[in-house]
Amino acid sequence: MVAQPAYRDGQNWAIYTSLPSVPWYVEPWLAATVVGGAALLALAIVGLGRGIVIASLRPVNAVRAELDKITETCPERRVAMPQSRDEIRDLAGSVNQTLARLQAAMEQQRTFTTDASHELRTPIAAIRAEVEDALYAPEDTSVSNVGNAILPSLDRLERIVGDLLTLARQHQEDVQCEPQQIDLAQLVTTEHERRAETDKSVETILEPSVMVMGNRQRLARLLSNLLDNAERHADRAITIQVRQAPSSKRDLQRFPRGVAILEVIDDGPGIDPDKREFVFQRFARLDSARGRLAGGTGLGLPIARQIAEQHGGSLSIEDSAQGTRIVLRLPMA
């Protein structure tokens with residue numbers, strides 16, 4: 001603003017002149033520079049972010065592409081492990097572990113299906129042979145003779161199918177759905193009285209009030225399988241013992257209230273130490289039990305161990321002075 005004095009018509013005047021003042025930060029060129037720079041910076045950030053995201057997801061895409069190539073015909077394939085040690089590498093490791101477990105499950109199922117087919121084919125072949133013999137020479141046989149000849153194979157077929165159904169149900173049902181307190185001594189007494197007469201001498205050494213939590217029906221099935229195994233392999237005597245023992249330091253977390261022990265001992269030929277785990281495999285039978293008339297299906301002990309593990313316990317074969325000693329350990333109630 002400028003003031004200028006002036007004289008006009010005998011009077012003194014002051015003339016003021018002013019111009020608008022524009023701040024430097026609103027100059028048009030500066031505003032255009034700021035807006036243009038911001039736009040360029042935004043484009044640069046978007047491009048850089050896109051590049052970082054693409055580079056970060058490249059290992060994920062590689063894992064996905066490798067997973068798409070893995071099928072049931074090539075379950076042994078694994079995804080490549082990225083060089084960087086980050087979450088993507090951890091993801092690839094978890095995927096490989098999952099694939100390894102799935103491959104093991106598939107191989108176990110394939111082996112189980114093969115073994116089951118073989119075990120079912122044996123009694124079916126025996127029945128077919130008896131029926132064909134009767135058809136070829138009907139005058140040399142009778143219905144009663146054919147029936148008596150095929151009944152053992154039918155019994156074996158029924159036992160195998162029943163054990164297969166038991167395995168299928170145990171995979172689907174939860175053992176802890178309705179747990180209840182069970183007295184092991186009382187369970188042994190009930191199961192022993194329920195069983196048919198046998199030519200083997202059975203001795204029971206039962207400590208009272210050895211209580212466990214679990215499913216009574218399944219524990220009875222476990223005990224029945226152990227007794228069936230003992231009756232098949234015992235020479236003259238079977239011993240059933242129930243007792244309670246304190247937990248060792250190693251098993252204190254697993255059995256905090258103590259351990260309930262059930263032992264089934266027979267005086268048969270026994271099992272070599274290197275074959276004690278083998279008998280717990282499905283359809284696994286020792287050479288002495290492979291005969292068609294031996295009566296075993298090869299599923300009794302695997303089912304028993306599965307029931308024991310579902311109840312938080314263990315089932316194993318341990319040293320014995322004579323014969324086989326199968327030991328069941330369960331947590332005390």
Side-chain angles (χ1 to χ4, degrees), residues 151-152 154-156 158-163 165-167 169-170 173 175 177-245 258-268 270 279 289 293-318 320 322-333:
L151 271 179
L154 289 175
D155 291 338
R156 175 170 173 73
E158 183 179 7
R159 285 193 297 269
I160 294 175
V161 173
D163 287 342
L165 290 175
T166 298
L167 285 173
R169 292 193 189 101
Q170 286 183 181
E173 298 174 359
V175 70
C177 56
E178 294 181 359
Q180 55 182 318
Q181 281 198 357
I182 301 171
D183 189 336
L184 277 185
Q186 182 182 0
L187 182 68
V188 170
T189 302
T190 303
E191 183 64 23
H192 177 51
E193 293 176 350
R194 186 188 64 83
R195 298 177 66 83
E197 292 293 333
T198 177
D199 57 348
K200 310 294 172 57
S201 172
V202 180
E203 179 186 5
T204 57
I205 305 174
L206 308 178
E207 179 181 327
S209 301
V210 180
M211 309 298 294
V212 298
M213 294 295 294
N215 184 291
R216 181 179 296 274
Q217 182 178 359
R218 293 196 180 179
L219 288 179
R221 177 61 186 270
L222 184 155
L223 178 59
S224 177
N225 288 1
L226 297 185
L227 294 179
D228 288 341
N229 182 79
E231 288 181 4
R232 281 195 300 270
H233 300 290
D235 290 336
R236 293 180 302 274
I238 300 172
T239 302
I240 308 172
Q241 183 176 357
V242 172
R243 57 188 173 87
Q244 177 183 355
V259 55
I261 300 177
L262 187 151
E263 298 181 358
V264 178
I265 308 170
D266 64 69
D267 61 347
V279 298
L293 300 179
T297 64
L299 292 173
L301 291 181
I303 291 175
R305 170 172 277 189
Q306 184 174 338
I307 295 174
E309 292 175 348
Q310 287 176 339
H311 285 77
S314 64
L315 184 68
S316 60
I317 298 177
E318 301 185 4
S320 177
Q322 181 182 2
T324 302
R325 174 170 165 254
I326 302 181
V327 181
L328 168 68
R329 288 181 172 86
L330 294 174
M332 291 288 296

Rounded to the nearest 0.5 Å, how far does [atom2] of [Y] lie from [atom1] of [X]?
X    : Y    : atom1 : atom2 : value
Q244 : M332 : CD    : CE    : 3.5 Å
R221 : I303 : CZ    : CD1   : 4.5 Å
D266 : R325 : CG    : CZ    : 12.5 Å
Q241 : I261 : CD    : CD1   : 8.5 Å
T189 : R194 : OG1   : CZ    : 13.5 Å
T324 : L301 : OG1   : CG    : 9.5 Å

Does a side-chain heavy-atom distance below 4.5 Å link N229 with L226?
-> no

I want to check something: taking the side chain as every heavy atom from C-beta on, are I240 and L227 in contact at a cut-off of under 4.5 Å?
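Result yes, sub-4.5 Å side-chain heavy-atom pair found.
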
Of the non-hydrogen atoms in [X] and [Y], which two are nearest, and what is the gap between them?
X    : Y    : answer
P331 : G312 : CD-O, 3.7 Å
A185 : L206 : O-CD1, 3.7 Å
V188 : L223 : CA-CD2, 3.6 Å
N225 : G300 : ND2-O, 3.1 Å
A230 : V264 : CB-CG1, 3.8 Å
G214 : I182 : O-CD1, 3.6 Å

Between D267 and D235, is there a donor-acceptor pair closer than 3.5 Å when you use the side chain of the first and the backbone of the second?
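Yes; at least one donor-acceptor contact below 3.5 Å.
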
Can a donor-acceptor pair be found, under 3.5 Å and without considering hydrogens, that links the side chain of S224 to the backbone of A220?
no

Under the salt bridge (charged side-chain N to carboxylate O under 4.0 Å, His left out) test, residues paired with [X] that sit two or more places apart:
X    : answer
R329 : E318
R243 : E263
D228 : R195

* Asked: Pick from H311, M211, M213: which one makes a side-chain contact (heavy atoms from CB on, under 4.5 Å) with L330?
  ->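 Running side-chain contact (heavy atoms from CB on, under 4.5 Å) over H311, M211, M213 with L330 returns exactly one hit, H311.
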
Given side chain to side chain contact (heavy atoms under 4.5 Å, CB included), test V212 with L219 step by step and report yes or no.
CA-CA 10 Å; V212 298; L219 288 179; 4.1 Å; yes

